[in-house]
Amino acid sequence: MNQRISTRKFSEMARNGEKIVMLTCYDASFAAVMEGAGVEILLIGDSLGMVVQGHNSTLPVTMEQMVYHTQCVARGSQRAMVLADLPFGSYQESPQQAFRNAAQLMAAGAQMVKLEGGESMAATVEFLTSRGIPVCSHLGLTPQSVHQLGGYRVQGRGEAEQARMLEESRMHQEAGASMLLFEAVPRELAGRITAVLAIPTIGIGAGVDCSGQVLVMHDMLDVFPGKKARFVRNFMQGAGSVGEAVAAYVKAVKDKSFPALEHTFSVQPG
């Protein structure tokens with residue numbers, strides 16, 4: 001079996017300016033297609049609650065479901081890193097709760113777990129990383145907190161918000177996070193934070209200056225119904241197969257043609 005891409009390799013790519021390619025993935029067949037097209041990180045996102053299960057948010061997704069889909073993706077891939085979300089309610093209670101559930105995902109085949117939250121989650125990140133569990137921290141628009149945030153809104157436009165996000169990014173890096181994911185964050189802010197951090201950043205609606213990009217698979221293949229977010233691009237357009245669409249996404253991230261300005265947000269709304 002081929003060796004999985006390591007966190008050290010992603011740090012090296014970020015230092016060298018080579019973009020990192022991530023996509024959400026929920027089963028073995030798509031895992032094989034994505035890996036074959038050059039996707040380097042397969043994210044088992046709790047987005048499966050919406051695009052697979054038909055819920056109107058990510059909140060109903062359970063640990064049992066995340067473990068199942070992680071096992072499926074791990075079996076369908078050999079080289080790509082497998083990154084799994086900790087679902088809502090599985091880590092917020094205590095660092096000990098987070099460790100128990102993160103350990104389940106690691107046993108299921110993940111090499112890293114992702115959790116949402118800023119300052120309040122820094123101690124949990126430190127608890128996990130000090131016990132051998134790599135963590136990707138998710139800042140900006142955090143879908144598990146959609147009700148508290150007042151909906152799916154761009155985060156980090158005000159000066160106070162920008163200062164807080166920069167400080168929280170540093171806190172998570174110091175706590176041992178291997179990677180940061182920024183969602184729906186002004187491109188100027190994400191670029192500025194990426195430049196001062198030593199760890200890679202992944203953007204979704206956060207601009208081309210992040211170390212890499214991620215999209216939800218169902219969005220980039222244009223199979224999820226309803227209104228598409230600004231940061232989504234339909235890669236099936238002009239492609240003859242799913243594999244070609246994924247390869248086009250990989251190429252666009254690598255050559256920095258995606259995301260273009262129309263896929264991003266600015267500090268100044270408009």
Open item on the list: The criterion is side-chain hydrogen bond (donor to acceptor under 3.5 Å, both in side chains); which residues satisfy it with D255, sequence neighbours excluded?
Closed with: K251, S257
- [ ] Flag yes if V246 and V51 sit in one hydrophobic cluster, no otherwise; membership is Ile, Leu, Val, Met, Phe, Trp, Tyr, and two members link when side-chain heavy atoms are under 4.5 Å apart.
- [x] yes
Open item on the list: I need the full list of ring-ring contact (aromatic ring centres under 6.0 Å, His included) pairs touching residues 164-199, with sequence neighbours left out, sorted by first then second residue.
Closed with: none
Open item on the list: I'd like to check the salt bridge (Lys or Arg N to Asp or Glu O under 4.0 Å) partners of E12; sequence neighbours left out, ordered by chain and number.
Closed with: K9
TODO: Could I get the full list of salt bridge (Lys or Arg N to Asp or Glu O under 4.0 Å) partners for D222, not counting sequence neighbours?
DONE: K228
- [ ] Quick one: do Q3 and R79 satisfy side chain to side chain contact (heavy atoms under 4.5 Å, CB included)? Show the steps, please.
- [x] CA-CA 6 Å; Q3 186 174 2; R79 184 170 181 272; over 6 Å; no
Task: For the student: nearest non-hydrogen atoms of A37 and A247, plus distance - done: CB-N, 3.8 Å
Open item on the list: Enumerate the salt bridge (Lys or Arg N to Asp or Glu O under 4.0 Å) contacts for residues 163-174, please, sequence neighbours excluded, ordered by first and then second residue.
Closed with: R164-E168
Open item on the list: Rounded at 0.5 Å granularity, tell me how far NZ in K19 sits from SG in C210.
Closed with: 7.5 Å
- [ ] Using side chain to side chain contact (heavy atoms under 4.5 Å, CB included) as the criterion, point out the one residue from H69, M217, M34 that pairs with C25.
- [x] M34
- [ ] Tell me who clusters with Y68, hydrophobic residues only, linked when side chains sit under 4.5 Å apart either directly or through other members.
- [x] none
Task: Validation row: V214, L23 side chains within 4.5 angstrom (heavy atoms) - done: no
Open item on the list: Restricting to side-chain contact (heavy atoms from CB on, under 4.5 Å), what partner residues turn up for E18, sequence neighbours left out?
Closed with: M13, E40, K254
Open item on the list: Please say yes or no: joined through hydrophobic side-chain contacts below 4.5 Å, possibly via intermediate residues, are M165 and M171 part of one cluster?
Closed with: no
Task: With F258 via ring-ring contact (aromatic ring centres under 6.0 Å, His included) - residues at least two apart - done: F235, H263
Open item on the list: Does either side chain, that of Q237 or that of N234, offer a donor lying less than 3.5 Å from an acceptor on the other one?
Closed with: no
Task: Donor on one side chain, acceptor on other, Q97 and S90, under 3.5 Å - done: no
Task: Worked verdict on V232 versus F224 for side chain to side chain contact (heavy atoms under 4.5 Å, CB included) - done: CA-CA 11 Å; V232 172; F224 185 63; over 6 Å; no
Open item on the list: Hydrophobic clusters here meaning ILVMFWY residues chained together by side-chain heavy-atom distances under 4.5 Å, can you tell me if L180 and L215 are in one?
Closed with: no
Task: Shortest non-hydrogen contact from P134 toward S178 - done: CB-OG, 4.1 Å
Task: Pairing residues for E35 by the side-chain hydrogen bond (donor to acceptor under 3.5 Å, both in side chains) criterion, not counting sequence neighbours - done: none
Open item on the list: Nearest 0.5 Å, please: how far is CG in L105 from CD in Q111?
Closed with: 11.5 Å
- [ ] For residues 109-139, pull every pair meeting ring-ring contact (aromatic ring centres under 6.0 Å, His included), keeping only residues two or more places apart or in separate chains.
- [x] none
TODO: Search all heavy atoms of M22 against all heavy atoms of I202 and return the closest pair with its distance.
DONE: CE-CG1, 3.8 Å
Task: Nearest-0.5 Å distance that lies between atom CG in L115 and atom CG in N101 - done: 11.5 Å
Task: Heavy-atom side-chain contact between M179 and S137 under 4.5 Å - done: no
Task: Taking every non-hydrogen atom, the tightest pair across V82 and A74 - done: CG2-CA, 4.3 Å
Task: Same apolar cluster: I133 and M66, side chain cutoff 4.5 Å - done: yes
Open item on the list: Contact between F265 and R157 at the side-chain level, heavy atoms closer than 4.5 Å - yes or no?
Closed with: yes
- [ ] Please report the closest heavy-atom contact between I5 and M81, naming both atoms and the distance.
- [x] O-CE, 3.5 Å
TODO: Any chance you could lay out the side chain to side chain contact (heavy atoms under 4.5 Å, CB included) test for D209 and R187, step after step, and finish with the verdict?
DONE: CA-CA 7 Å; D209 292 324; R187 58 184 179 271; 6.0 Å; no
Open item on the list: For R4 and S77, which I'm curious about, is there any donor-acceptor pair between the side chains at under 3.5 Å?
Closed with: yes
Task: For P87 against V61, the heavy-atom pair lying closest together - done: CB-O, 3.5 Å
Open item on the list: Q53 vs Q65, test: side chain to side chain contact (heavy atoms under 4.5 Å, CB included). Steps then yes/no.
Closed with: CA-CA 11 Å; Q53 299 172 336; Q65 291 163 351; 3.1 Å; yes
Open item on the list: I'd like to know if the side chain of Q92 and the backbone of G89 have a donor-acceptor N/O pair within less than 3.5 Å.
Closed with: yes
- [ ] Would you check if R233 and P259 make a side-chain contact, meaning some heavy-atom pair closer than 4.5 Å?
- [x] no
Open item on the list: Hydrophobic cluster membership, with links at side-chain heavy-atom distances under 4.5 Å among I/L/V/M/F/W/Y: are V208 and L189 in one?
Closed with: no
Task: Interatomic spacing from CE in M112 to CG in L128 - rounded to 0.5 Å - done: 12.0 Å
Open item on the list: How long is the straight-line distance from CG of L86 back to OH of Y91, given to the nearest 0.5 Å?
Closed with: 7.0 Å
Could you go through residues 190-199 and list every donor-acceptor pair under 3.5 Å that involves a side-chain atom there, pairing it with any protein atom two or more places apart or in another chain?
residue	atom	partner	partner atom	Å
R192	NH2	Q162	OE1	2.9
T194	OG1	A190	O	2.8
T194	OG1	T201	OG1	2.7

Task: Side-chain touch L141/V185, heavy atoms, less than 4.5 angstrom - done: no
Open item on the list: For E64, is the CD atom crowded, meaning more than 12 foreign heavy atoms sit under 6.0 Å from it?
Closed with: no
What pairs of donor and acceptor atoms, side-chain ones from residues 41-50 against any protein atom, are under 3.5 angstrom apart with sequence neighbours left out?
residue	atom	partner	partner atom	Å
D46	OD2	Q144	NE2	2.7
S47	OG	Y26	OH	2.7

Task: Distance, nearest 0.5 Å, that separates CG of L181 from CG of L139 - done: 8.5 Å
